[in-house]
Amino acid sequence: MWTELSATISSLAVAFFMFEKYLNYFPYTIRGYVERNFRKVVNFVNPYVEISFPEFTSERLKRSDAFFAIQNYLSTSSTENARRLKADVVKDSQSVVLSMEDYEEVTDVFNGVKVWWASGKIPPQSQSISWFPGSEEKRYYKLTFHKRYREIITKSYVEHVLKKGKEIEVKNRQRMLYTNNPSKDWHGWKATKWGNIVFEHPSTFDTLALDTAKKEEIKKDLIKFSKGKDYYTKIGKAWKRGYLLYGPPGTGKSSMIAAMANLLDYDVYDLELTTIKDNSELRKLLIETKGKSIIVIEDIDCSLDLTGQRKKRKEKDDDEADKEKDPISKKKKEAEEESGSKVTLSGLLNVIDGIWSACGGERIIIFTTNYVDKLDPALIRRGRMDKHIVMSYCCFEAFKVLARNYLDIESHELFGKIEELFVETKMSPADVADNLMPKSDEQDEETCLKRLVEALEASKEEARKKSEEEAVLKTKDGVVTEG
Ligand SMILES: Nc1ncnc2c1ncn2[C@@H]1O[C@H](COP(=O)(O)OP(=O)(O)OP(=O)(O)O)[C@@H](O)[C@H]1O
Ligand SMILES: [Mg+2]
């Protein structure tokens, strides 16, 4: 009896295999009918359940996130099992990610339950000629398991696969630096609002010359934020954080942004406000940004006249009536409006923490400026710009980081003199770095350090002269007023 039963099962398996394989050769009109009835018979004896995950969801153009998560998940297990693999080169040709070829099958075990994954594709139904090769093919993954484990597989296993797949995607993804395209280029074939290139800035917190305690504080703040999804939900706040970086030129504001992106593995969106026409365009741009990203507006004080906008508007209202009457000033006003950006302070505030800002989550917004006093207080209040970081002139501790990075030295006899000079002189880390950098093979550390000492002394002398001149001017002023 057993022999007979096993023979029946194997013939059924063979029949099923043949059926699946040759189904496509049936005439299209009767294919559905044959398949339906055959499946009825098979389902009666087949104890296995199948779930398929198609590449495209119902909206034809949107690729399914689940499909990619599964692809990534299977890339780890399939490399050991599958015989035919596909290779994808990621991270600037540095590593290869392998995934299953079409019609391959691999097994996986979850909590002692065995499942089968197979990949396949449905060939195009129509014989149309397409500009995009392969665009009509519909690929899918098929998960097969015993119906006894339906509960555990549909509830826990699928969730586990999607989660792990997303984690792998984050690890493998190439980070991007985006910048907004002018809105006149937003239309047409394949037009996108953001242009992108691979983000490869080498700056890290280790190479950043900054007070150690401050560096650690910023790092902790960033890591706490990146892990804070549940916390932000609990307190009812959008998962985003604003940083304001301010300080004189060359003090490392841009380098700090790159270091932050490298620490958290985030993409960077460099937002150029001057090319955005109005508030609604600004909002559209923001909606198109992805999570795990840093949105940067550099030199916010120069980007737009956001500083005095509120005040100006008030003044404007007063003499609006007079100007409207004058045709020349009306024309001028129109021309100004056409050429310039109409992004307003309130538009920007809305984007940072209005109702729209919550779309997506896990975003850091950074403003940089050289003149913090010029900014409207509303723009930088806590809650909008949660953390204000001042980047100041180089101190001795910051110098030691630069000396280690640029010259590979921890100490030198000139360090004592340099420490003294730093107390009295203001020099940006960019200038210090420039002096420390050997300009030819002949220049050793001694030469570079001496050059720095000379530069510091020159700067000290200059500062002394300047303060003397100011003192003279002040006394003169005093004499004049008294006189
Ligand atoms: N704190 C720093 N640590 C390490 N390198 C620095 C630091 N500050 C400046 N540099 C060096 O100086 C160069 C200029 O720095 P960066 O562009 O970050 O300055 P910035 O503050 O953004 O200046 P700006 O206000 O003009 O935009 C960088 O290439 C970097 O090598
Ligand atoms: Mg900069």
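Counting convention: from 1, in listed order, for ligands and their atoms alike. Note that this is a predicted model, so its numbers are computed, not measured.
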Of all heavy-atom pairs between Y266 and S226, which one has the smallest distance, and what is that distance? OH-CB, 3.5 Å

N370 (side chain) donor-acceptor with G247 (main chain) under 3.5 angstrom: yes

Just say parallel, tilted or perpendicular for the rings of W117 and F53, cut-offs at 30° and 60°. tilted

Rounded to the nearest 0.5 Å, what's the gap from CG on L208 to CG on L402? Could you check? 9.0 Å

Contact region, T368 to ligand 1, non-hydrogen atoms below 4.0 Å, reads neither

Describe, in one word, how the ring planes of F415 and F399 are oriented to each other, choosing from parallel (under 30°), tilted (30 to 60°) and perpendicular (over 60°). perpendicular

Backbone or side chain, does any N or O of T251 fall under 3.5 Å from an N or O of ligand 1? yes

Would you please indicate if the ring centroids of Y232 and F225 are separated by under 6.0 Å? yes

Option with minimal heavy-atom separation from atom 18 (O) of ligand 1, where the choices are P202, G247, S255: S255

Among all protein heavy atoms in this structure, tell me which lies nearest to atom 19 (O) of ligand 1, with the distance rounded to 0.1 Å. G252 N, 3.3 Å

Going by the order shown, which atoms of ligand 1 are within less than 4.0 Å of some heavy atom of N370? 25 (O)

Among all protein heavy atoms in this structure, tell me which lies nearest to atom 25 (O) of ligand 1, with the distance rounded to 0.1 Å. K253 NZ, 2.8 Å

Which residue and non-hydrogen atom of the protein lie closest to atom 14 (C) of ligand 1, and at what distance in Å? A430 CB, 4.1 Å

Answer yes or no: is there a donor N or O on one side and an acceptor on the other, between the side chain of N262 and the main chain of S203, under 3.5 Å? yes

Identity of the nearest option to atom 9 (C) of ligand 1, non-hydrogen atoms only, from C394, G250, S392, A398: G250

Considering only the protein, which heavy-atom contact is closest to atom 2 (C) of ligand 1, and what is its distance? A209 N, 3.6 Å

Among I257, V372, V296, V390, the one residue meeting side-chain contact (heavy atoms from CB on, under 4.5 Å) with L245: I257

Using 0.5 Å steps for rounding, measure from the CG atom of L210 to the OG atom of S392. 7.5 Å

Near P429 (heavy-atom distance under 4.0 Å), the atoms of ligand 1 are 1 (N), 2 (C), 7 (C), 8 (N), 9 (C)

Atom 23 (O) of ligand 1: protein heavy atom closer than 4.0 Å? yes

Against ligand 1, does L402 come closer than 4.0 Å with any heavy atom? yes

Parallel, tilted or perpendicular: which fits the ring planes of W194 and Y269, with parallel below 30° and perpendicular above 60°? perpendicular

Record the part of Y406 in heavy-atom contact with ligand 1 below 4.0 Å; permitted values are side chain, backbone, both and neither. side chain

Tell me, please, if T368 has any N/O/S atom, main chain or side chain, under 2.8 Å from the Mg ion (ligand 2)? no

Taking atom 17 (O) of ligand 1 as the reference point, the nearest protein heavy atom with its distance: S254 CB, 3.7 Å

Report yes or no: does a heavy atom of L208 sit under 4.0 Å from some atom of ligand 1? yes

